[in-house]
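Single-structure report; data block below.
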Amino acid sequence: GDVEDTHRFLVHKGFRSRALHSKLGGVDKHRSAEALRCGDADVLVATDIASAGLHFPGLNHVVCLGRDRERWRHTHRIGRVGRGGRVGLATTVVEGKIEWEDSDSVSSR
């Protein structure tokens, strides 16, 4: 899918990337999470599976494919980076028009 394709593209370009998504098997999810946790990877490509409860201290960049219906879930997903006073980057890739449940719509460009 899109997450795996984006992850493979980033690895091909020399980034230390890992993917997390709902179709990833348990062992592969664990391996990805462990690589991110111990610093073997510093870019996370994810769907909403990474919205909360994950802590990766060395994570520099999150690439979010799609977005959540609720803004707070999206905020938690991009909150995987820049922890402990560190600077991080979050990139969100969406198609079409974004409709947040709690605010006006935003069009992607």
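The residues of the chain are indexed from 1 along the displayed sequence.
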**Study point:** Heavy-atom closest contact (Ala41 atom, Arg18 atom, distance)
**Key:** CB-CG, 3.4 Å
Exercise for review: Look up atom NZ in Lys23 and atom CD in Glu4, then write down how far apart they are to the nearest 0.5 Å.
Suggested key: 11.0 Å
Study note, to complete from the structure: Sorted by chain and number, sequence neighbours left out, salt bridge (charged side-chain N to carboxylate O under 4.0 Å, His left out) with Asp28 holds for Arg31
Practice item. Any chance you could measure Leu44, atom CG, to Arg16, atom CZ, to the nearest 0.5 Å? Key: 13.5 Å
Practice item. Answer yes or no: is there a donor N or O on one side and an acceptor on the other, between the side chain of Arg8 and the main chain of Val3, under 3.5 Å? Key: no
Review point. Any donor and acceptor pair, going by atom type alone, linking the side chain of Ser32 with main-chain N or O of Ala19 inside 3.5 Å?
Key: yes
Review point. To the nearest 0.5 Å, what is the distance between CG (Leu65) and OG1 (Thr91)?
Key: 10.0 Å
Exercise for review: Check the pair Thr47 / Leu20 against side-chain contact (heavy atoms from CB on, under 4.5 Å), numbers first and verdict last.
Suggested key: CA-CA 7 Å; Thr47 59; Leu20 282 177; over 6 Å; no
Revision key, fill the gap. Rounding to 0.5 Å, atoms CD (Glu34) and CZ (Phe56) come to a distance of 9.5 Å
Check your understanding: What residues form a side chain to side chain contact (heavy atoms under 4.5 Å, CB included) with Ser17, not counting sequence neighbours?
Key -> His7, Leu10, Val11, Val43, Val45
